[in-house]
Amino acid sequence: MDLRHELIEGRAELPRVGAVVPARGVHPPYIVVNAYDDEIEAATAYLRDLALNDCSPLTVRSYGYGLLRWFRLLWLLGVAWERATEAEVAVLAGWLRTASNPQRQRTRARGDAPGSVNLRTGKPTLRAGYAPRTINHALSVISGFYGFHAHQGNGPVVNPVPVSPQRRRALAHRSPLEPRAVVGRARLRQKVSDRPPRSIPDRLWDELFNRMGCERDRALLEFYVSSGARAVELLGVGVNDIDWAGQRIYVISKGTREREAVPASPQAFVRLARYLDEAGTPPRNEPIWRTRRGNNRPLSYWAMRRIMQRANGLLGTNWTLHDLRHTAASRMANGGKLTPVEVQAIMRHANIQTTSRYLTARVEEMFDKLAEHYNSPRPVTSYPTGYSADDIKAVFGA
């Protein structure tokens with residue numbers, strides 16, 4: 001059978017050749033190499049342009065892996081990147097829809113089945129393959145790559161990734177205050193469901209907090225759920241970033257990459273003081289969150305992620321670190337003490353519409369009200385005295 005059809009149906013694999021490696025310079029911070037460790041100049045030029053346009057190193061790295069996947073497909077099909085067409089993009093989209101994601105193979109066998117819903121949290125488990133957002137991101141990487149080279153006078157005249165003219169016209173002069181127009185997706189773009197933010201109900205939050213095995217982990221959860229800081233932002237806080245008197249911490253914001261003040265609860269600072277009394281204060285230029293085993297080193301994102309995974313294994317849940325940020329935003333937005341604009345400032349949302357997504361009623365929080373509703377007796381119909389039963393039956397059918 002034709003190789004292209006085999007790839008679309010997921011019965012063939014892309015060769016795992018080439019790599020994304022750190023570059024010697026800053027622009028770009030990462031490069032893509034082939035199977036012979038030769039640098040792919042076309043990819044380097046595009047990644048350099050991203051770096052010069054002030055994209056973060058992690059964004060450049062992500063785009064590098066998207067380009068590596070694209071070049072692996074072209075190498076397998078024997079097509080030069082300058083001659084790629086929509087047919088090759090369709091093969092990649094079909095392969096991503098049917099192939100298994102190697103990142104999903106890291107989960108343990110005793111976990112929830114891929115794509116199933118965790119009955120305790122109501123959250124779906126990641127599917128075995130690539131998510132629709134991942135496929136759309138891959139198409140965006142390729143589209144940007146060919147758009148850059150078309151601007152430079154290289155590559156094909158027509159971008160091989162299809163676009164939606166209707167969407168482009170709708171977003172060309174759209175005001176941020178206007179509602180988003182509903183337009184059709186471009187060909188090969190996947191349908192993405194807009195799920196509401198998932199926060200942790202109070203009773204499940206208490207269970208998760210009690211499963212934390214040390215004062216460091218309990219302090220981290222208190223800061224996450226009271227400040228709304230992102231996982232990496234909080235893990236990078238140093239001794240000089242703590243304002244004890246002002247009850248706030250300073251983090252390097254993901255969006256602006258600037259140091260910004262974030263308030264936190266008094267209980268979080270109490271937990272932090274207990275942790276520092278127990279573990280000792282690190283040097284001034286080092287993060288305050290340290291490992292407890294092995295060499296004294298900063299606590300990484302992957303280590304914190306593993307802490308959550310161990311707690312999930314004991315509780316039978318599937319919470320993530322980002323759910324803690326959702327929980328903080330939901331509590332602030334629905335607590336009745338803060339306005340949406342104030343919540344936006346604390347959460348550092350670029351758009352107020354992002355903050356408004358947390359102003360929703362959740363079934364988990366309505367459990368007690370629903371139980372009372374279901375257990376309430378049926379109302380009994382009564383009629384005024386003085387009417388005979390025959391008259392009531394004739395008029396009302398009772």
Side-chain angles (χ1 to χ4, degrees), residues 22 29 56-59 61-62 103 106-108 199-200 204-244 247-315 317-329 346-348:
S56 69
L58 291 179
T59 299
R61 181 173 176 265
S62 173
Q103 297 293 329
R106 298 182 179 182
T107 57
R108 298 184 178 181
S199 60
I200 306 177
L204 296 182
W205 163 259
D206 294 337
E207 292 182 2
L208 177 64
F209 186 83
N210 293 332
R211 285 297 181 181
M212 295 296 105
C214 62
E215 202 62 52
R216 179 202 63 187
D217 300 344
R218 288 187 284 269
L220 276 166
L221 256 65
E222 283 285 359
F223 270 102
Y224 277 129
V225 82
S226 64
S227 68
R230 298 176 179 89
V232 177
E233 293 174 348
L234 182 59
L235 293 176
V237 171
V239 177
N240 298 338
D241 299 324
I242 305 174
D243 181 5
W244 294 94
Q247 299 285 283
R248 57 185 179 177
I249 57 176
Y250 287 84
V251 301
I252 302 296
S253 182
K254 172 187 174 183
T256 62
R257 297 200 291 277
E258 298 288 341
R259 192 175 299 276
E260 299 184 20
V262 177
S265 67
Q267 184 63 28
F269 284 92
V270 171
R271 295 282 182 182
L272 176 59
R274 293 177 183 174
Y275 162 62
L276 294 179
D277 288 341
E278 176 186 290
T281 304
R284 295 180 63 85
N285 296 326
E286 291 289 329
I288 59 176
W289 312 107
R290 318 295 293 183
T291 57
R292 301 177 64 234
R293 297 179 179 87
N295 297 330
N296 184 12
R297 61 188 186 278
L299 184 69
S300 66
Y301 168 82
W302 301 107
M304 186 61 205
R305 186 169 178 261
R306 185 67 191 123
I307 293 172
M308 288 289 293
Q309 289 175 343
R310 284 197 293 266
N312 283 328
L314 295 173
L315 298 173
T317 55
N318 59 346
W319 302 120
T320 64
L321 288 174
H322 203 64
D323 290 335
L324 303 177
R325 177 172 166 84
H326 288 325
T327 303
I346 297 173
M347 300 301 297
R348 290 163 289 129

Chemist: Output the distance between atom CG (Leu221) and atom CG (Leu321), rounded to the nearest 0.5 Å.
Modeler: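 Here the rounded value is 8.5 Å.
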Chemist: Is Val225 close to Phe209 at the side-chain level, that is, under 4.5 Å between some pair of heavy atoms?
Modeler: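 Of all side-chain heavy-atom pairs linking Val225 with Phe209, none is under 4.5 Å.
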Chemist: As a quick check of understanding, evaluate salt bridge (Lys or Arg N to Asp or Glu O under 4.0 Å) for Arg325 and Glu233, giving each step before the final call.
Modeler: CA-CA 11 Å; Arg325 177 172 166 84; Glu233 293 174 348; 5.0 Å; no
Chemist: Please round to the nearest 0.5 Å and tell me the distance separating atom CG of Leu234 and atom OH of Tyr301.
Modeler: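 Nearest 0.5 Å value for the CG-OH distance: 13.0 Å.
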Chemist: Checking Arg218 side chain against Met212 main chain: does a donor-acceptor pair fall under 3.5 Å?
Modeler: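 Yes, the answer is positive, given that a donor and an acceptor are paired below the 3.5 Å cut-off.
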Chemist: Quick check against the 3.5 Å criterion: does Asn210 have a side-chain atom that pairs as donor or acceptor with the backbone of Glu207?
Modeler: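 No.
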Chemist: Atom CZ of Arg348 and atom OG of Ser227: how far apart are they, to the nearest 0.5 Å?
Modeler: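 Atom-to-atom, Arg348:CZ and Ser227:OG are 7.5 Å apart.
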Chemist: Report the C-alpha distance between Leu324 and Trp205 in whole Å, list the side-chain angles of each, state the deciding distance to 0.1 Å, and finish with yes or no for side chain to side chain contact (heavy atoms under 4.5 Å, CB included).
Modeler: CA-CA 9 Å; Leu324 303 177; Trp205 163 259; 3.6 Å; yes
Chemist: Could you tell me how the ring of His326 sits relative to the ring of His322: parallel (under 30°), tilted (30 to 60°) or perpendicular (over 60°)?
Modeler: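 It falls in the perpendicular class, over 60°.
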Chemist: Of all the heavy-atom pairs spanning Pro263 and Arg248, show the shortest one and how long it is.
Modeler: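 Taking every non-hydrogen atom into account, CA-CB, 3.9 Å.
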Chemist: Do Arg61 and Pro29 have side chains that approach each other closer than 4.5 Å (heavy atoms only, starting at C-beta)?
Modeler: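 Arg61 vs Pro29: side chains apart.
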Chemist: Check whether any side-chain N or O of Ser62 sits under 3.5 Å from a backbone N or O of Leu58 as a donor-acceptor pair, and report yes or no.
Modeler: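 No, the answer is negative, given that no donor and acceptor are paired below the 3.5 Å cut-off.
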Chemist: What distance do Asn312 atom CG and Leu208 atom CG have between them, rounded to the nearest 0.5 Å?
Modeler: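 Taking CG in Asn312 and CG in Leu208, the distance rounds to 7.0 Å.
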Chemist: I'd like to check Gln267 versus Ser226 (side-chain heavy atoms, cut-off strictly below 4.5 Å). Are they in contact?
Modeler: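 Sidechains of Ser226 and Gln267: no contact.
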Chemist: Looking at Asn240, I want to see if its CG is surrounded by more than 12 non-hydrogen atoms of other residues, nucleotides or ligands under 6.0 Å.
Modeler: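 Above 12, so yes.
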Chemist: State, to 0.1 Å, how close Pro266 and Gln247 come at their nearest heavy-atom pair, and which atoms those are.
Modeler: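 For Pro266 and Gln247, the tightest heavy-atom pair comes out as CA-OE1, 3.1 Å.
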Chemist: So Arg310 and Asp217, do their side chains get closer than 4.5 Å, heavy atoms only?
Modeler: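 No, side chains not in contact.
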Chemist: Any donor and acceptor pair, going by atom type alone, linking the side chain of Arg297 with main-chain N or O of Asn295 inside 3.5 Å?
Modeler: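 Checked: pair present.
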Chemist: One pair to check against side chain to side chain contact (heavy atoms under 4.5 Å, CB included): Trp289 and Leu272. What are the steps and the verdict?
Modeler: CA-CA 10 Å; Trp289 312 107; Leu272 176 59; 3.8 Å; yes
Chemist: Drop me the distance from Glu260's CD to Lys254's NZ, to the nearest 0.5 angstrom.
Modeler: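 Glu260 CD to Lys254 NZ: 13.5 Å, rounded to 0.5 Å.
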Chemist: List the atom of Met347, the atom of Gly228, and the distance in Å for their closest heavy-atom pair.
Modeler: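 Closest heavy-atom pair between Met347 and Gly228: CE-O, 3.8 Å.
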Chemist: Can you check whether Pro282 reaches Val239 side chain to side chain, under 4.5 Å on heavy atoms?
Modeler: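 Sidechains of Val239 and Pro282: in contact.
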Chemist: Using a 3.5 Å distance criterion without hydrogens, assess whether the side chain of Tyr275 forms a donor-acceptor pair with backbone atoms of Leu220.
Modeler: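 Here the side-chain-to-backbone pair does not exist.
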Chemist: Got a second to check how far Arg284's CZ is from Asp241's CG, nearest 0.5 Å?
Modeler: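 Reported to 0.5 Å precision, the distance equals 10.5 Å.
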Chemist: Are Arg305 and Met308 packed together at the side-chain level, in the sense that at least one heavy-atom pair is separated by less than 4.5 angstrom?
Modeler: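 A side-chain contact under 4.5 Å is absent here.
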Chemist: Mark yes when over 12 heavy atoms from residues, nucleotides or ligands other than Arg257 sit less than 6.0 Å from its CZ; otherwise mark no.
Modeler: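 Above 12, so yes.
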Chemist: Does the pair Thr327 and Tyr224 meet the rule for a side chain to side chain contact (heavy atoms under 4.5 Å, CB included), with working shown?
Modeler: CA-CA 9 Å; Thr327 303; Tyr224 277 129; over 6 Å; no
Chemist: Could you report the tightest heavy-atom contact between Arg211 and Ala311, atom names first, then the distance?
Modeler: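 Here Arg211 and Ala311 meet closest at CB-CB, 4.3 Å.
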Chemist: What is the ring orientation for Phe223 with Phe269, classed by angle as parallel under 30°, tilted 30 to 60°, or perpendicular over 60°?
Modeler: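 Phe223 and Phe269: perpendicular rings.
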